There are 2 protein chains.
Amino acid sequence: MPSDALWLTPSELRAWLGLVAVAELLPAQLDSQLQHDAGLTHFEYQVLAMLSEARSRTLRMSDLARRTNATLPRLSHVVRRLEDRGLVERAPCADDRRATNAHLTAAGWDLVVQTAPGHVATARALVVDALSAEQVAQLEDLTRTMLLRLDPEGRLTPPLDEVGRDDEGRDGASAT
Amino acid sequence: MPSDALWLTPSELRAWLGLVAVAELLPAQLDSQLQHDAGLTHFEYQVLAMLSEARSRTLRMSDLARRTNATLPRLSHVVRRLEDRGLVERAPCADDRRATNAHLTAAGWDLVVQTAPGHVATARALVVDALSAEQVAQLEDLTRTMLLRLDPEGRLTPPLDEVGRDDEGRDGASAT
DNA sequence: GTCGGACGGTTGACGCGACAACTTCACGCT
DNA sequence: AGCGTGAAGTTGTCGCGTCAACCGTCCGAC
């Protein structure tokens, strides 16, 4: 409902500026915490976390790229660095000889397990614990609505099926 | 209220992942629209927009850095490039001879005026128009709460005083 | 079969942001 | 006056992400 096509109402403007500010600050603080505690970028952590949740801790590069919202070149570079650090291994895929499988090593798994609690704590400290239960529900609702526009394909948060099931303490220690 | 210190409830997890996804996708799409339509980064646009709203379209580098959440080195680089493109001018400050004033040129002003409507349209298309009036109010509230944690100093969205006043159509065409 | 187009992935070059070192200037203290 | 600390900016270097070019592989049409 384009109210006034050319501008935003004061309330809309405040909401929009607030959202932009959050989107600016949040990633930086996540990066900074993970960099400090584990020497990882948030993106690198996401990669490891996705692998930690995958069957046999292995995923094809394309899948990994899709789920982490990365371009293939970017992922390729990042995985190479992670491989240099012994956190990930690459192996050609048997089914499709064009494809490459990325596999989380034991060291990589350990790092994720070790890092996850601090990351969750940060999520609480920066956002979750500041919100009431009702606000959490609102945030859930709002982000779902926005993602319909921002991510029409639904590539991100694809394991909504998994997250939807109220099982806990399952395999991967990750929280993305 | 740290519910379970080590993990997130399913609802919290969905809200958190949603927020992270939005924070990942939104800046990229803003950059992409502005890059396409005006050859500007979102950050460059913010710089020009802040200048367009300032008295005499001039701001000291430090002020500009604070309001755009940038480090001084980053701002210095960006302003140099903008200066090369004729959108901004730099001049030593009379009051404090250490300081530098950044001033928006006529060309810079024109570019902002020309670019703002498209940017606002993007804000609507990606977020605002997808939300009900009630949701806009919720978003405003949520971001305010989160920014208390993410930006305790309140450096971003400092012109809350200005935004708070329900005047419209004032000087700067910007919407950040 | 084989040929053309499309997919999966890697590599190299370029641009931007972070960090650290440095210069210049302001200001308080003696 | 003269000194020292710290603020304001700039510059150079390095690391990461994007883009374009590239190679190898799959697969459908004929």
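Because the structure is predicted, anything quoted here is derived from the model rather than measured. The sequence lines fix the lettering, A, B, ..., with proteins before strands; numbering per chain opens at 1.
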Are a donor atom and an acceptor atom from the side chains of Q46(B) and T68(B) found within less than 3.5 Å of each other?
-> no
What integer distance in Å separates H42(B):NE2 from dC16(C):C1'?
-> 16 Å
Nearest-Å distance for atom pair CG/P, residues L82(B) and dC16(C) = 10 Å
Salt bridge R60(B)-D63(B), side-chain N to carboxylate O under 4.0 Å = no
Distance-only side-chain donor-acceptor flag, S11(B) / E140(A), under 3.5 Å = yes
Spell out protein contact along nucleotides 3-9 of chain D as letters: B when the base is contacted, S when just the sugar-phosphate is, - when no protein heavy atom is under 4.0 Å; keep the 5' to 3' order.
-> ---BBSB
Tell me which of A70(A) and D95(A) sits closer to the 5' end of DNA chain D, going by the nucleotide each one is nearest to.
-> A70(A)
Can you find a pair of side-chain heavy atoms, one from R85(B) and one from E44(B), that are under 4.5 Å apart?
-> yes
Between dG17(D) and R81(A), is there an OP1 or OP2 to side-chain N/O distance shorter than 4.0 Å?
-> yes
Between the side chains of N69(A) and R155(A), does any donor sit under 3.5 Å from an acceptor?
-> yes
Return no unless some side-chain N or O of R74(B) is found under 4.0 Å from OP1 or OP2 of dT10(D).
-> no
Specify the residue among P73(A) and R80(B) whose closest nucleotide of DNA chain D lies further upstream toward the 5′ end.
-> R80(B)
Where does the angle between the aromatic ring planes of H119(A) and W16(B) fall among parallel (under 30°), tilted (30 to 60°) and perpendicular (over 60°)?
-> perpendicular
